[in-house]
Amino acid sequence: MKRQPVFFFFLLLFSIPIFSNGQAIRVNYVGYSGYQKSVSTSNYFYGFGYEHNIGSKIALQFEYNKGYSLDENYGYYYYDNINSPVNFEYNLEIPWYEFAYQSKYFFSGNDEKSFYISSGISMRMAKYNMEIYSVSYNPQNVTAPPPIPTGLIIKSYNLFPISLKVGWRNTIDGWFGDYNFGISFIPGANNRKSGNPNIDQYLKDEGLKNISFNIGLTFGFGWVD
């Protein structure tokens, strides 16, 4: 694991104020972050983290999340258009993991069942993995298109989603549930693709989105100081 993400996570962790009225370990057992376009390979995620109540209205949350897929074929597509100068078969995967921070404000207090709003930022490490299997050119097209290489293309990206969420959480003392949904803005994500302009000009509907809608279901165990 790279040192930069680990340092980022522990810097946030050790910046927690020492005064609190509750702490918790939490597990994200169902999560959805629709930040990819037509490829649905890794929009789902799971994770675990730590939550810390501050005062009577605030809680801080630190998490590690990892994307996964429900599609065993990982989005296998065939690009076929009679008006296009080229057809090709490819496989695209966008695996990712992140370290995330959230600051929550509870309307009824953080020591009881309450709705909350939160804002946060995360450091997300994503890879754009594309394998080109075969390429064929349209003979009806007079102008020959730029060549498309076959083989595996891998690009690594660091993304920084900024999120706003609305949720509900039980009291932190003992077992509790946390349910939330919200929106994330990921600056520059729409421009992160394979890096090969001859490929990216055709795959305009693939890749990442700047805006993402998120859903999360969490359970945890907490204790009051």
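Looking only at distances, no side-chain donor or acceptor of Asn129 sits under 3.5 Å from a matching main-chain atom of Lys155. Asn214 contributes no side-chain N or O that, together with a main-chain N or O of Phe181, makes up a donor-acceptor pair within less than 3.5 Å. Distance alone, capped at 3.5 Å, places no donor-acceptor pair between the Arg124 side chain and the Asn65 backbone. The closest donor-acceptor contact from the side chain of Asn110 to the backbone of Gly55 lies under 3.5 Å. Under the 3.5 Å distance criterion, the side-chain polar atoms of Asn28 are left unmatched by any main-chain donor or acceptor of Val30.
Minimum heavy-atom separation, Pro149 to Ile199: CD-CD1, 4.5 Å. Across every non-hydrogen atom of Lys209 and Gln36, the tightest pair is CE-O, 3.4 Å. Nearest approach of Leu60 to Ser103, heavy atoms of both residues: CD2-OG, 3.9 Å. Between Val166 and Ile117, the shortest heavy-atom distance links the atoms CG2-CG2, 4.2 Å. The two atoms that bring Asp200 and Gly195 nearest to each other are OD2-N, 3.2 Å, heavy atoms only. Between Asn170 and Lys113, the shortest heavy-atom contact is ND2-CE, 3.8 Å.
Two residues are said to be in side-chain contact when any heavy atoms from C-beta on lie closer than 4.5 Å; Thr218 and Val27 fail this criterion. Ile58 places none of its side-chain heavy atoms less than 4.5 Å from the side chain of Phe106. Within the 4.5 Å cutoff, side-chain heavy atoms of Gln61 are placed close to those of Arg26. Taking 4.5 Å as the limit, every side-chain heavy atom of Asp178 sits out of range of all side-chain heavy atoms of Phe219.
Side-chain N/O atoms of Asp111 and Asn53 include no donor and acceptor closer than 3.5 Å. Defined by atom type and a distance below 3.5 Å, a donor-acceptor pair is missing between the side-chain atoms of Asn91 and Glu131. In summary, the side chains of Asn43 and Ser33 do not present any donor paired with an acceptor at a separation below 3.5 Å, with no hydrogens or angles considered. Side chain to side chain, Ser119 and Gln102 fail the donor-acceptor criterion of an N or O pair below 3.5 Å. Side-chain polar atoms of Thr171 and Glu112 form no donor-acceptor pair below 3.5 angstrom.
Clustering ILVMFWY residues whenever any of their side-chain heavy atoms sit less than 4.5 angstrom apart, transitively, puts Phe115 in the very cluster that holds Leu217. Residues Tyr97 and Phe160 share a hydrophobic cluster, clusters being chains of Ile/Leu/Val/Met/Phe/Trp/Tyr side chains in contact below 4.5 Å. The cluster map of Ile, Leu, Val, Met, Phe, Trp and Tyr, joined by side-chain heavy atoms under 4.5 Å apart, puts Ile211 and Ile94 in different clusters. Phe62 and Ile25 fall within the same hydrophobic cluster, defined by Ile, Leu, Val, Met, Phe, Trp and Tyr side-chain heavy atoms under 4.5 Å apart, directly or through other members.
For the atom pair Ile172 CD1 and Ser114 OG, the distance stands at 12.5 Å (nearest 0.5 Å). In this structure, Trp96 CH2 and Tyr68 OH are separated by 10.0 Å, a value rounded to the nearest 0.5 Å. Atom CZ of Arg192 is separated from atom CG of Asn210 by 9.5 Å, given to the nearest 0.5 angstrom. One distance of note links CD1 of Ile162 with OG of Ser184; it measures 9.0 Å at 0.5 Å rounding. Atom CZ of Phe176 is separated from atom CH2 of Trp168 by 11.0 Å, given to the nearest 0.5 angstrom. If you take CZ on Phe45 and CD1 on Ile215, they are separated by 9.5 Å, rounding to the nearest 0.5 Å.
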side-chain contact (heavy atoms from CB on, under 4.5 Å) assessment of Leu152 paired with Met130: CA-CA 6 Å; Leu152 184 62; Met130 171 178 285; over 6 Å; no
Tyr116 vs Asn180, side-chain contact (heavy atoms from CB on, under 4.5 Å): CA-CA, chis, key distance, verdict: CA-CA 9 Å; Tyr116 66 83; Asn180 60 79; 3.4 Å; yes
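Screening Tyr50, Phe99, Tyr46, Tyr101 for a ring-ring contact (aromatic ring centres under 6.0 Å, His included) with Tyr64, the sole residue that qualifies is Phe99.
Ring geometry, Phe221 versus Trp223: the interplanar angle falls from 30° to 60°, so the pair is classed tilted.
Residue-environment remark: CZ (Phe213) stays at or below the threshold of 12 foreign heavy atoms within 6.0 Å. A 6.0 Å sphere centred on CZ of Phe185 holds more than 12 heavy atoms belonging to other residues, nucleotides or ligands.
With respect to the salt-bridge test (charged N to carboxylate O, under 4.0 angstrom), the residues Lys104 and Glu51 qualify. Contact check on Glu93 versus Lys127 returns no salt bridge, with no Lys/Arg side-chain nitrogen under 4.0 Å from an Asp/Glu carboxylate oxygen.
Under the 6.0 Å cut-off for aromatic ring centres, Tyr128 and Tyr157 do not qualify, their centroids lying 6.0 Å or more apart.
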